[in-house]
Asks: 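One structure is given below, represented as structure tokens, and several questions about it will come after.
As the structure lists them, so they are numbered: ligands from 1, and atoms in each ligand from 1. Bear in mind that the values here come from a model prediction, so they are computed numbers and not experimental data.
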Amino acid sequence: MSYVDEVFDLVVEKNPAQPEFHQAVKEVLESLRVVIEANEEAYRRDALLERLVTPERQLLFRVPWVDDQGQVQVNNAFRVQFNSAIGPYKGGLRLHPSVNLGIIKFLGFEQIFKNSLTGLPIGGGKGGSDFDPKGKSDREVMAFCQSFMTELSKYIGADTDVPAGDIGTGAREIGYMYGQYKRIKGVYEGVLTGKGLSYGGSLARTEATGYGLLYLTAEMLKCNGHDISGKTVVISGSGNVAIYACQKAQQLGAKVVTVSDSTGWVYDPEGIDVALLKEVKEVKRARLTEYAAARSSAEYHEGRGVWGIKCDVALPCATQNELLIEDAKALVANGCLAVAEGANMPTTMEATEYLQANGVLFAPGKAANAGGVATSALEMSQNSERLSWTFEEVDSKLQNIMVNIFHNLDNAAKKYGMEGNYVAGANIAGFLKVAEAMTAQGIV
Ligand code: NDP
């Protein structure tokens, strides 16, 4: 049996009931096969793949907090410090009822390669809890965040592990967590990113993932003879990534006609009104029905459906495994040119393979949504320097990083004989740097 297959079997055996983690490992190892086989003896001797798929440290803890009725609630929480070969662990904190250890491990594993692709010195980690901030009062969210950070603060630090936001963890949650860290540790340091501008946050961090997604998508289209301007775009999600993807797509001259949330979706053939979307989602924290009620050109539909709308470019920006094989078939049938993942692993492997086999340009999340973590690393630099850069400075660095990422993965795919396969290119380019650092640092 080949080394890649052996290690994959080992992952399934040693990590039962973690299907998302298996899926992420399989996708990465499959596309690394040619690179691993070229250096199999040394990698086997050093157990490089076994070390790569096993987190350096996994923290599991309980988070007790008191709700507004005086009832004590208990949530499960996780921080997986996956790989620190090229820098301190870096990756977000997800707060969503679906969170479990397998989800956090899939996200942490992906984060290793994503962070490597940015070209910045950051290792891979991820964390979160099955706490649901939706429907909770501000006081309840604060009680949870303070209790969560009371435990997490023992294991993180500006030079060791620097968490950030993710689904359910926005500016409000980061603020409460940062306050508690500072209170416990008595130091004012850049231990979290995604902070508010008044206490060490970076301009353009809020916009970074969505903007970065569009910078990379525009470059991918350009290098394949297309222009983003004038294109029709469908987007899923209506959170941080989706909102700023929508805004940048429109600034680049494209028309975005859909957004969605966990209960339904909106089709707005006139183009999504970003100011209204922000009001509904960022200010009122309301459902998309409110968007449709306030805009006569918009139709609201229950359930899922954005991938059935005719488009040139599709940007899944909600959550994992939201673009399925039947969706991929609908996109191809409707003449879609490109899919770029704003979310982490939103496209199933089967759907990804179908899109690629049918000539759709496909940019995987670990490259396409790396603008968020790249700008987080820029926030860390500014905190270390005790300086704040302007919006334009950060945005222009972000743009350069995203264009470089695209060319890195394009070149890696070409070098290994898989031209146009950006999934393989991203995994290979991300892996080679980490593997070299791990090898240089010996058996640790
Ligand atoms: P938000 O919480 O701001 O928004 C998430 C959006 O996705 C919401 O519209 C939400 O709907 C929808 N959604 C969440 N879970 C589900 C589900 N199970 N089914 C259907 N819809 C769902 O998160 P972000 O925008 O920050 O993150 C979106 C994705 O992007 C995630 O995969 C995240 O890991 C990834 N990402 C985020 C980065 C960032 O900087 N924020 C960086 C890199 C990747 P509802 O409001 O109804 O829950």
Asks: How does R205 reach ligand 1, by side chain, by backbone, by both or by neither, if only non-hydrogen atoms under 4.0 Å count?
Replies: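 Near ligand 1, R205 shows its side chain, while the N, CA, C and O stay back.
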Asks: Can you find a side-chain donor-acceptor pair between T347 and E341 that sits under 3.5 Å?
Replies: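 Note: T347 and E341 side chains meet the donor-acceptor criterion.
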Asks: Between K281 and D261, is there a salt bridge with N-O shorter than 4.0 Å?
Replies: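 Looking at K281 together with D261, the answer is yes, because their closest N to O distance falls below 4.0 Å.
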Asks: Provide the number and element of each atom of ligand 1 under 4.0 Å from a heavy atom of R287.
Replies: 47 (O)
Asks: Examine ligand 1 and decide if any of its atoms is less than 4.0 Å from a heavy atom belonging to R94.
Replies: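 The answer is yes: ligand 1 sits under 4.0 Å from a heavy atom of R94.
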Asks: Would you check, one step at a time, whether the test side-chain contact (heavy atoms from CB on, under 4.5 Å) holds for N369 with L213?
Replies: CA-CA 5 Å; N369 70 33; L213 172 65; 5.6 Å; no
Asks: For ligand 1, does K134 get within less than 4.0 Å through its side chain, its backbone, both, or neither, judged by non-hydrogen atoms?
Replies: side chain
Asks: Heavy atoms only: which of S262, S376, A370, G92 is nearest to atom 11 (O) of ligand 1?
Replies: S262
Asks: Please find out if less than 6.0 Å separates the ring center of W65 from that of F131.
Replies: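 Yes; F131 has its ring centre under 6.0 Å from that of W65.
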Asks: With a heavy-atom distance limit of 4.0 Å, tell me whether A164 approaches ligand 1 through its side chain, its backbone, both, or neither.
Replies: neither
Asks: Is the closest heavy-atom distance from S260 to ligand 1 below 4.0 Å?
Replies: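 It does, in that a heavy atom of S260 comes within the 4.0 Å cut-off of ligand 1.
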Asks: Do N240 and ligand 1 have an N or O pair less than 3.5 Å apart?
Replies: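 N240 vs ligand 1: N/O contact under 3.5 Å present.
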Asks: Going by heavy-atom distance to atom 32 (O) of ligand 1, choose the closest among N344, T263, V259, V373.
Replies: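 Among N344, T263, V259, V373, the closest heavy atom to atom 32 (O) of ligand 1 comes from N344.
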Asks: Under 4.0 Å, counting heavy atoms only: does G342 come that close to any atom of ligand 1?
Replies: yes
Asks: May I ask you to check whether N427 and E27 show a side-chain donor-acceptor distance below 3.5 Å?
Replies: yes
Asks: Geometry only, no angles: is V241 polar-contacting ligand 1 at N/O separations under 3.5 Å?
Replies: yes
Asks: Give the residue and atom name of whichever protein heavy atom lies nearest to atom 46 (O) of ligand 1, and the separation in Å to one decimal.
Replies: K281 NZ, 4.0 Å
Asks: Checking K329 against W307: charged group under 6.0 Å from the ring centre and within 45 degrees of the axis?
Replies: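 Cation-pi check for K329 and W307: fails.
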Asks: Thinking salt bridges, do K90 and D161 make one under a 4.0 Å N-O criterion?
Replies: no
Asks: Does any N/O atom on G168 come nearer than 3.5 Å to any N/O atom on ligand 1?
Replies: yes
Asks: Looking at D312 and K231, is there a salt bridge between them, counting it only when a charged N and a carboxylate O are closer than 4.0 Å?
Replies: no
Asks: Kindly state whether the ring of F148 and the ring of F61 have centres lying under 6.0 angstrom apart.
Replies: yes
Asks: Please list, in number order, the atoms of ligand 1 under 4.0 Å from a heavy atom of G237.
Replies: 9 (O)
Asks: For atom 16 (C) of ligand 1, what is the closest protein heavy atom, and at what distance to 0.1 Å?
Replies: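 Looking at atom 16 (C) of ligand 1, the protein heavy atom closest to it is T319 CG2, 3.6 Å.
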Asks: Heavy atoms only: which of T169, T209, D166 is nearest to atom 34 (O) of ligand 1?
Replies: D166
Asks: So is Q320 polar-close to ligand 1, meaning N/O to N/O under 3.5 Å?
Replies: no
Asks: Of all the heavy-atom pairs spanning L120 and K433, show the shortest one and how long it is.
Replies: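 Looking at all heavy atoms of both residues, the closest pair is O-NZ, 3.9 Å.
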Asks: For a ring-ring contact (aromatic ring centres under 6.0 Å, His included) check, start with the C-alpha distance between F406 and Y215, then their side-chain angles and the critical distance, and finish with the verdict.
Replies: CA-CA 9 Å; F406 175 73; Y215 293 144; over 10 Å; no
Asks: Using 4.0 Å as the upper bound for N to carboxylate O, is an ion pair formed by E110 and K366?
Replies: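 A salt bridge links K366 with E110.
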Asks: Do we see a donor-acceptor contact under 3.5 Å between the side chains of S153 and Q180?
Replies: no
Asks: Considering heavy atoms of the protein only, find what lies nearest to atom 9 (O) of ligand 1 and give residue, atom and distance to 0.1 Å.
Replies: S238 N, 2.9 Å
Asks: Provide the number and element of each atom of ligand 1 under 4.0 Å from a heavy atom of H96.
Replies: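 Ligand 1 atoms under the 4.0 Å threshold to H96: 15 (N).
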Asks: A318 heavy atoms, cut-off 4.0 Å: which ligand 1 atoms fall inside?
Replies: 7 (O), 12 (C), 28 (C), 29 (C), 31 (C), 32 (O)
Asks: Considering only protein heavy atoms, which is closest to atom 27 (O) of ligand 1, and at what distance to one decimal place?
Replies: I167 CG1, 3.7 Å
Asks: Would you mind checking which non-hydrogen protein atom is closest to atom 4 (O) of ligand 1, with the distance to 0.1 Å?
Replies: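 Nearest protein contact, heavy atoms only, for atom 4 (O) of ligand 1 is G239 CA, 3.2 Å.
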Asks: Under 3.5 Å, is there a donor on one side chain and an acceptor on the other for Q73 and D67?
Replies: yes
Asks: Checking contacts here: is it the side chain or the backbone of E322 that comes within 4.0 Å of ligand 1, counting heavy atoms only? Could be both or neither.
Replies: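 For E322, there is no contact with ligand 1 at all, from either part.
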